[in-house]
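Written below as structure tokens is the structure these notes are about.
Note that the structure is a prediction, hence the values are computed from the model and not measured.
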Amino acid sequence: MRIAKRNNWWDYAGTDYEHRYSDDCLKEAVRRADGRDLVFASCLNPQDYFEKHTIPEIIESTYFIVLCPADEKIEQRLRARPKERGFDSDEAIRPQIEYNQWLRKNKGKVSLFIDNSDMTVEETAERIISFITGLPK
């Protein structure tokens with residue numbers, strides 16, 4: 001069965017090929033990069049990336065950058081989102097906090113870990129830029 005090109009998560013949600021969303025996004029990002037270096041921002045679990053996804057052969061190396069504020073900040077930021085985003089209950093927020101706690105426990109296993117609890121967007125961006133520009137060519 002050939003699946004038509006998908007544009008966003010809602011094209012996959014609730015289907016029997018929901019798991020292909022990340023693979024298709026990565027494949028499309030590689031296509032758009034057209035041989036240039038690729039910085040791909042995603043909420044993709046590092047373990048899932050290697051174990052569950054099809055990584056295009058052209059990708060030679062992968063670096064994970066984790067932005068992980070304190071639990072209180074995560075809750076504050078999620079509750080500040082519009083109600084339709086679905087983070088208006090403890091049940092919706094708890095898994096996000098637990099996942100970030102897992103990331104903190106495993107922070108030594110990612111390329112760059114940033115606690116951006118008290119950082120501005122600009123400060124966070126500067127840390128990321130500094131890391132990326134310091135990578136081997």
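One distance of note links CD1 of I65 with CG of L112; it measures 5.5 Å at 0.5 Å rounding. We find the OG-CZ distance between S89 and R79 to be 7.5 Å, quoted to the nearest 0.5 Å. Considering CG of D37 and CG of L135, their distance stands at 9.0 Å, rounded to 0.5 Å. The distance from the CD atom of E122 to the CD atom of E126 is 9.0 Å, given to the nearest 0.5 Å. To the nearest 0.5 Å, atom OG of residue S22 and atom CD1 of residue I55 are 11.0 Å apart. The CZ atom of R20 sits 8.5 Å away from atom OG1 of T54, with the distance rounded to the nearest 0.5 Å.
R104 places no side-chain N or O within donor-acceptor distance of the main-chain N or O of D115, the cut-off being under 3.5 Å. A donor-acceptor pair is defined here as one N or O able to donate and one able to accept, closer than 3.5 Å; no such pair exists between the side chain of E28 and the backbone of D24. Proximity of a side-chain donor or acceptor of S130 to a complementary backbone N or O of R127 within less than 3.5 Å is not detected. Between the side chain of S117 and the main chain of A70, a donor-acceptor pair closer than 3.5 Å is present. Of the possible donor and acceptor atoms, none in the side chain of Q96 sits under 3.5 Å from a partner among the backbone N and O of I93.
Both Y49 and V66 are part of a single hydrophobic cluster, where members link through side-chain heavy atoms under 4.5 Å apart. Cluster membership check: M119 shares its hydrophobic cluster with F131, using side-chain heavy-atom separations under 4.5 Å among Ile, Leu, Val, Met, Phe, Trp and Tyr. In the hydrophobic clustering of ILVMFWY residues, with side-chain heavy atoms under 4.5 Å counting as a link, W10 and Y17 come out together. A chain of hydrophobic side-chain contacts below 4.5 Å, direct or via other Ile, Leu, Val, Met, Phe, Trp or Tyr residues, connects V30 to F50.
Shortest non-hydrogen contact noted between I128 and L67 is CD1-CD2, 4.2 Å. Summarising the geometry of D88 relative to K83, their closest heavy-atom pair is OD2-NZ, 2.6 Å, with the distance given to 0.1 Å. Listed here is the closest heavy atom pair of E123 and D118: OE1-O, 4.0 Å. Between L26 and P56, the shortest heavy-atom contact is CD2-CD, 3.7 Å. For V110 against P46, the heavy-atom pair with the smallest separation is CG1-CG, 4.4 Å.
Between D48 and K52, at least one side-chain N (NZ, or NE/NH1/NH2) sits under 4.0 Å from a carboxylate O, which counts as a salt bridge.
With ring centers used as reference points, F113 lies 6.0 Å or more from F64.
For the residue pair Y21/D11, the side-chain donor-acceptor check at 3.5 Å is not satisfied.
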